[in-house]
Amino acid sequence: TTAFARSRARREWDALHWLAGRGFEVPIPWFVAEQRTMGFIRCAMLATAAWPGQPLDRLLPAVNHRARERILGAVEQFVERLHRTGFRDRNLDLRNLLAREDEGRIVVTKIDSPRHRIVHASERPCDRLARADWDRLYRSIDSAGLGS
């Protein structure tokens with residue numbers, strides 16, 4: 001890696017703060033630490049509060065078809081909202097999406113976003129990075145055997 005480049009942990013810290021600042025429910029970031037030698041990262045760590053949900057790669061296969069459709073609908077709304085705010089994840093896999101039920105609604109959050117990019121917010125995002133996010137999510141759903 002490049003000397004003085006932001007670590008994955010620091011980029012994830014940035015993503016969590018950016019999302020929280022726009023009203024997304026995220027695991028609360030407690031601290032990020034880096035150990036460097038001559039500017040190069042030797043070790044980096046991010047600590048967050050636990051988020052009360054389950055990764056979708058484990059949750060979706062364990063629920064019935066109706067619950068799965070409901071969760072996937074919430075995921076679709078979540079990703080659309082991410083994209084409208086200008087967030088492009090670039091790591092949109094089921095294992096990095098968490099969900100839980102809260103007072104009758106499905107709440108979704110995203111973890112592991114060190115490759116994210118911020119673009120101009122748009123009501124109808126259809127840029128290359130947004131399309132790549134959808135493609136990656138659909139591939140993740142298909143590879144889990146959950147595609148329609």
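Below, each value reflects all heavy atoms present in this structure, side chains not excepted, and no hydrogens, waters or symmetry copies. For reference, positions follow the sequence shown, starting with 1. Since the model is a prediction, treat every value here as computed from it, not as a measurement.
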Taken to the nearest 0.5 Å, the spacing of R70 CZ from E101 CD works out to 4.5 Å
L97 and its side-chain contact (heavy atoms from CB on, under 4.5 Å) partner, picked from L56, I71, T109:
L56
Taking it one step at a time, do I118 and F87 satisfy side chain to side chain contact (heavy atoms under 4.5 Å, CB included)?
CA-CA 5 Å; I118 306 301; F87 192 87; 3.6 Å; yes
If I compare all heavy atoms of R136 with all of R95, which pair ends up nearest, and what's the gap?
NH2-NH2, 4.3 Å
What distance do S113 atom OG and D14 atom CG have between them, rounded to the nearest 0.5 Å?
11.5 Å
Has the side chain of N91 got a donor or acceptor atom that lies under 3.5 Å from a matching backbone atom of N96?
no
Considering only NZ, NE, NH1 and NH2 on the basic side and carboxylate oxygens on the acidic side, decide whether R88 and D127 come within less than 4.0 Å.
yes
To the nearest 0.5 Å, what is the distance between NE2 (H17) and CD1 (I28)?
10.0 Å
So if you build clusters from Ile, Leu, Val, Met, Phe, Trp, Tyr with side-chain heavy-atom gaps below 4.5 Å, do V75 and Y138 land together?
yes
Output all residues satisfying side-chain hydrogen bond (donor to acceptor under 3.5 Å, both in side chains) with R100, sequence neighbours left out; order by chain, then residue number.
E25
Short side-chain to backbone donor-acceptor contact, R131 and C126, under 3.5 Å
yes
Can you give me the closest heavy-atom contact between W13 and L46, atom names plus distance?
CE3-CD1, 3.6 Å
Identify the two heavy atoms, one from W18 and one from T85, that lie closest to each other, and give their separation to 0.1 Å.
CH2-O, 3.3 Å
Using the rule that Ile, Leu, Val, Met, Phe, Trp and Tyr join whenever any side-chain heavy atoms are under 4.5 Å apart, tell me whether L129 and V79 fall into a single cluster.
no
Does V26 reach the side chain of K110, with side-chain heavy atoms less than 4.5 Å apart?
no
Give the table of side-chain donor-acceptor pairs shorter than 3.5 Å for residues 57-67, with sequence neighbours excluded, one pair per line with atom names and distance.
from : atom 1 : to  : atom 2 : distance (Å)
N64  : OD1    : R66 : N      : 3.1
N64  : OD1    : A67 : N      : 2.8

Assigning hydrophobic clusters by single linkage (Ile, Leu, Val, Met, Phe, Trp, Tyr; side-chain heavy-atom cutoff under 4.5 Å), is W134 placed with V108?
yes
Give a yes or no answer on whether the side chain of D133 reaches the backbone of R90 with a donor-acceptor pair at less than 3.5 Å.
yes
For residues L92 and S140, determine if any side-chain heavy atom of one lies less than 4.5 Å from a side-chain heavy atom of the other.
no
Find out whether E34 and C43 are in side-chain contact, i.e. whether some heavy atom of one side chain is under 4.5 Å from a heavy atom of the other.
no
Taking ILVMFWY side chains as joined if any heavy atoms are under 4.5 angstrom apart, and letting links pass through other members, which residues group with L98?
W51, V107, I111
Validation row: F78, I106 side chains within 4.5 angstrom (heavy atoms)
no
When rounded to the nearest 0.5 angstrom, what distance separates CZ in R36 from CZ in F4?
7.5 Å
Can you name the nearest heavy-atom pair linking P27 to A49, along with the distance?
CB-O, 3.6 Å
Could you give me the CA-CA distance, side-chain angles and deciding distance for R8 and D112, then say whether side chain to side chain contact (heavy atoms under 4.5 Å, CB included) is met?
CA-CA 9 Å; R8 285 180 56 91; D112 196 16; 3.1 Å; yes
